[in-house]
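Notes to accompany the following structure.
Bear in mind the structure is a predicted one, so any value in this text is a computation, not a measurement.
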Amino acid sequence: PEAARRIYECHLGMFSREDKAAGFLEGMEGLLPRIARNGYSDLLLVGLLECKEVSSMGKQPLGLFGPSRLLGTPEEFVTFVSKAHELGIRVLMSIAHNGVACCEDGLGGHFF
């Protein structure tokens with residue numbers, strides 16, 4: 001049988017200890033090695049969708065079809081996921097569609 005899964009939940013934008021949002025490259029260098037070293041099998045990323053501010057934690061998204069530009073480029077996201085897989089870490093993504101309807105300046109009017 002498969003070993004028990006240990007899931008580490010993280011919002012990459014909140015990962016940095018500096019007074020700025022972190023992103024895929026910072027997470028790849030600082031977060032992924034720590035997760036692997038501590039025996040986690042999975043990384044649950046929250047707050048991936050484009051939002052007004054990184055502090056919204058992915059709630060009230062302005063776009064539904066790609067990672068936030070605040071976290072890095074699509075190519076950096078692919079590199080991040082590839083590095084996680086090299087370390088034996090599965091990457092899970094939490095996509096919060098429930099906040100869409102309350103965004104007046106984003107995707108309001110689209111209900112799921």
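When side chains are defined from C-beta on, Leu45 does not count as touching Leu92, because their heavy atoms never get closer than 4.5 Å. Annotation: side chain of Leu43 is in contact with side chain of Phe80 (closest heavy-atom distance under 4.5 Å).
Separation of atoms OH (Tyr8) and CG (Leu31) is listed at 5.5 Å; rounding is to 0.5 Å. The CD atom of Glu76 sits 15.5 Å away from atom NZ of Lys83, with the distance rounded to the nearest 0.5 Å. Between Ser94 atom OG and Leu44 atom CG the span is 5.5 Å, to the nearest 0.5 Å. Rounded to the nearest 0.5 Å, atoms OG (Ser82) and CZ (Phe77) are 10.0 Å apart. Of the inter-residue distances, the one linking Leu25 atom CG with Leu71 atom CG reads 10.5 Å to the nearest 0.5 angstrom. In this structure, CG in Leu48 is found 8.0 Å from NE2 in His11, a value given to the nearest 0.5 Å.
Taking both residues in full, the closest heavy atoms of Ala84 and Val91 are given as CB-CG2, 3.6 Å, listed atom of the first, atom of the second, then distance. The minimum heavy-atom distance linking Arg6 with Asn38 is given by the pair NH1-O, 2.6 Å.
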For this session: Decide side-chain contact (heavy atoms from CB on, under 4.5 Å) for Glu9 and Val46; before the verdict, give the C-alpha distance in whole Å, the side-chain angles of both, and the deciding distance to 0.1 Å.
Result: CA-CA 7 Å; Glu9 181 177 338; Val46 299; 3.7 Å; yes
For this session: Under the side-chain contact (heavy atoms from CB on, under 4.5 Å) rule, what do Val81 and Phe24 come out as? Steps first, then yes or no, please.
Result: CA-CA 9 Å; Val81 172; Phe24 300 124; over 6 Å; no
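With sequence neighbours excluded, the residues satisfying salt bridge (charged side-chain N to carboxylate O under 4.0 Å, His left out) with Arg5 are Asp42. Not counting sequence neighbours, the partners of Arg90 by the side-chain hydrogen bond (donor to acceptor under 3.5 Å, both in side chains) test are Glu2. Scored by the side-chain contact (heavy atoms from CB on, under 4.5 Å) test, Glu29 finds no partners at all (sequence neighbours excluded).
Placement of Met93 and Leu87 within a single hydrophobic cluster is found when ILVMFWY residues are connected by side-chain heavy-atom separations under 4.5 Å, directly or transitively.
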